[in-house]
**Student:** 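Sending over a structure as structure tokens; questions will come in a sec.
To find a chain, count down the sequence lines: A is the first, B the second, and so on, and within it residues start at 1.
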Amino acid sequence: MFPKNTWYVACMPDEVEDKPLGRTICNEQIVFFRAEGGQIAAVEDFCPHRGAPLSLGFVRDGQLVCGYHGLEMGCEGKCTSMPGQRVRGFPSIHAYPVVERHGFIWVWPGDAEQADPDQIPELHWANDPEWAYGGGLYHINCDYRLMIDNLMDLTHETYVHASSIGQPEIEESAPETKVNGDEVLTIRHMENITAPPFWQSALRGNNLAGDVPVDRWQICRFTPPSHILIEVGVAHAGKGGYDAPADTKASSIVVDFITPETETSIWYFWGMARNFNPQDEALTEQIREGQGQIFSEDLEMLESQQRNLLRYPERRLLMLNIDGGGVQARRVIDRILKAEAENAQPQAATAS
Amino acid sequence: MFPKNTWYVACMPDEVEDKPLGRTICNEQIVFFRAEGGQIAAVEDFCPHRGAPLSLGFVRDGQLVCGYHGLEMGCEGKCTSMPGQRVRGFPSIHAYPVVERHGFIWVWPGDAEQADPDQIPELHWANDPEWAYGGGLYHINCDYRLMIDNLMDLTHETYVHASSIGQPEIEESAPETKVNGDEVLTIRHMENITAPPFWQSALRGNNLAGDVPVDRWQICRFTPPSHILIEVGVAHAGKGGYDAPADTKASSIVVDFITPETETSIWYFWGMARNFNPQDEALTEQIREGQGQIFSEDLEMLESQQRNLLRYPERRLLMLNIDGGGVQARRVIDRILKAEAENAQPQAATAS
Amino acid sequence: MFPKNTWYVACMPDEVEDKPLGRTICNEQIVFFRAEGGQIAAVEDFCPHRGAPLSLGFVRDGQLVCGYHGLEMGCEGKCTSMPGQRVRGFPSIHAYPVVERHGFIWVWPGDAEQADPDQIPELHWANDPEWAYGGGLYHINCDYRLMIDNLMDLTHETYVHASSIGQPEIEESAPETKVNGDEVLTIRHMENITAPPFWQSALRGNNLAGDVPVDRWQICRFTPPSHILIEVGVAHAGKGGYDAPADTKASSIVVDFITPETETSIWYFWGMARNFNPQDEALTEQIREGQGQIFSEDLEMLESQQRNLLRYPERRLLMLNIDGGGVQARRVIDRILKAEAENAQPQAATAS
């Protein structure tokens, strides 16, 4: 159960350069490729000739060529040619709305007619030379909502990421959860604490002392369908915390785009955008490696939790104050799912 | 859905020399072994004592001995002895008609009473010193009919085997499909073309120039249940093509015996019989390795196609002129399946 | 189908020293840990907060701490604390009766109210300095009753363990099976035979000649639910066999505790208790390695047998005299299962 009439991150641009990329998103098997002029295209990964996956083929002159018998598929899902054949009567396959923007490739797995590129979220940092971005991709066998829960309740850092970003003060500071329409915020401030290793390193990366008391903040922002951007940072204590001057703090945005693959698996695009030393590529790489290591610690927990929940489907989980962000985000998702279900009849008529 | 009252290739003789071989064929779990005098035998792979697979046992004096508690099974499926036991009342297991002929071991998975060794296909090249044969075995997770489609439509060579036997002229030459009773033929001739690498090498193997224009032919011959023999070759251009004198061409027979394991997996016995330089064993090995490499290129495509078709069972595939051989072969198979279903009632009474 | 109101071996003490151990027993997912004072505890492996497996957590001050968000679980299945939370109203999870005794950890997967530690079997050798014990653990994908059959019919040694403890005389000596209430005995004596390699080595380990004729015995003792202790040994021939003086024989007890994991998989705790040279730890290790090697030979057979039986569920197996021990043991188990089913209604009311 995931919203389908919405934009998800499908892949990174460099995953679909020289050859097509097959990827399942929201149970849709999709092949992405570069059409004429390098424009991104996405169609069903199913050749209408004999059912071979088009992703095993190749791209020639902006057309996707099936690797089995050479049927040529265009970016609109219409067969453009096939050796020795007249293709006019060939059945089309579904073409998915797809947009390359902000350094990501976005796909709309639902009703193509409703797709509006203006609904792709604005990511100011992605197009600003004052910011740098580094990130990666993990495949995790869990419901996308378990990942939302994880990111909207950072008390888990104390346990799962004890050696890097976790610290007891996180769980000792009650979070505040706010809902603004479809946006859910979970906010936590910790004052006059010792920075954990990751943030000491970040302070030093910003030419600041790392071993002094700091004020720390975490502002988790959920927007549908499953995007979570987290403003995080530390400032030297007493300088104003989140609002402190730039030369007294290290801050960044943790970027989490969660894309359902199936009901129980996700593509997890993670990264960090920062506005200090943006030109320092070695620092970008160092942060990316550290973050990749930290985020990999969540995988076993999430997959084990998913297995447990599948085994005990009838059990009700607790919803504590720390779970407020996840609970509210699920309410937003449920509202969207309900609206999609109510519109399902006309949608079925227009979708392929 | 596969014909069961018919002969399939079960294994190669060298697979069942010193010890028994367990293999599932048409959903039947069978153990093959050498009975008295080295004669091939085949019975259910299920010890009537405690259900252990007999294929984990060993052969002693022409009897198959269960490796768990020593029950001795004879080639007729009757227990012949067991240490400390009177075995007269022991239940029998099914014995499968099995014949070693033409360098293959053939099994009849259906009603044993209908088995007639005269129905094993004649393979003239298998017993002729003017011919040499080399081949191998692949296990592929696909419906046996997908492999038939593959072999009856060689346009795929241009894409799947581009670097060895594929060439654009294949798809540019429309094939002709003929049906003679249960036999289906797909014929393609290409004139005055450049030989692809495999055939240039074969011409040189036959002491002929490889880099001159050639006429090329492919004559695919399907016979039930799923045997496909393909006459292939090239002759120096203008010498008569298929009918050219032997000293101007290189030709051979591609041998394909497709044996269903389950509904969605096969044992694929492939090979090549040739009548040039038959005594040159190094050439046999070289061809075998080249062919093995080429045929392995089909595996990923077939298995991916199978997964796609299982996911979209309702989709209808295209049946183009190039698919004619496969389409006609499936008609023959459907006719046989229908006849077997109609005879199923009496058959059930006689089968084990 | 396994008895649940009974004691099973859950694990060895050294498996649950520094960190919790998650293990499924009789389809129950259980986490074992050391509570206050090192006392063993066992609760459901499911955190009531968000469903994470508690076995991924750690132990702190005798409490099991969830590795996701820090919920602290006590040995009674009651949450004792959680950072920033009042836990009084938190739901409890099931706590399993668990006892450390005789060098094993025993768990009662059924109705906790019926658990009586006095029902844990007496193992005199486990607490006697005249005896030494060494053993190991195998996970096997088979119904626990197939392992019982295996151990109550040692004729399989001739085939499965031909190079170590098997010998033709085993199958030539008809066994005797006795039933005493819930206890089943299968007894075999072999007189004036050559000792097989394992026993020649054991005789030498006991400072006796190994290459002389011996009398050999095997006394398999099944007690519910699935414990099998086998008295085995050899004495120099004519000295009285089982009753021969200690300085003319080598004898020991093969220890087999079979714990169902699921319907088709087991935890198999195997070992050997001996009363010769008990202080010789190198000998203990040597026997343990030899026995581990021998018992590993059963794995493929048991798993293959299980697959065969799942494929042919309707087939009836033979029950020969050699199968008497297994047949009688299954009768005892069936009686217990029937009694548990009849008591199931009240049991369901008391169990969690």
**Student:** When you check the side-chain N and O atoms of B:His156 and B:Asp298, is any donor under 3.5 Å from an acceptor?
**Tutor:** yes

**Student:** Can you see which heavy atom on B:Leu309 is nearest to which on A:Gly51, and at what distance?
**Tutor:** CD2-CA, 4.2 Å

**Student:** Top residue by heavy-atom pair count (under 4.5 Å) with chain A, among B:Glu157, B:Glu300, B:Gln305, B:Glu172?
**Tutor:** B:Gln305

**Student:** Please look at B:Leu146 and chain A and tell me whether the side chain, the backbone, both or neither of the residue comes under 4.5 angstrom of a heavy atom of that chain.
**Tutor:** backbone

**Student:** Decide whether B:His161 and B:Glu297 meet the rule of one side-chain donor and one side-chain acceptor closer than 3.5 Å.
**Tutor:** yes

**Student:** For each of A:Cys66, A:Gly84, A:Pro83, tally heavy-atom pairs with chain B at distances under 4.5 Å, and name the one with the top tally.
**Tutor:** A:Pro83

**Student:** Just give me the residue among B:Ile322, B:Leu320, B:Val160 that pairs up with chain A most often, heavy atom to heavy atom, under 4.5 Å.
**Tutor:** B:Leu320

**Student:** So do A:Phe257 and A:Tyr8 actually touch side chain to side chain, heavy atoms under 4.5 Å?
**Tutor:** no

**Student:** Return the minimal non-hydrogen interatomic distance between A:His227 and A:Pro121, and the atom names on each side.
**Tutor:** CD2-CG, 3.9 Å

**Student:** Quick one: of B:Thr155, B:Asp323, B:Asn321, B:Thr158, who has the most non-hydrogen atom pairs under 4.5 Å with chain A?
**Tutor:** B:Asp323

**Student:** Please look at B:Arg311 and chain A and tell me whether the side chain, the backbone, both or neither of the residue comes under 4.5 angstrom of a heavy atom of that chain.
**Tutor:** side chain

**Student:** Assign the ring pair B:Tyr312 / A:Phe46 to parallel, tilted or perpendicular, where the plane angle (0 to 90°) is split at 30° and 60°.
**Tutor:** perpendicular

**Student:** Is chain A contacted by the side chain of B:Asp149, its backbone, both, or neither, given a heavy-atom distance below 4.5 Å?
**Tutor:** side chain

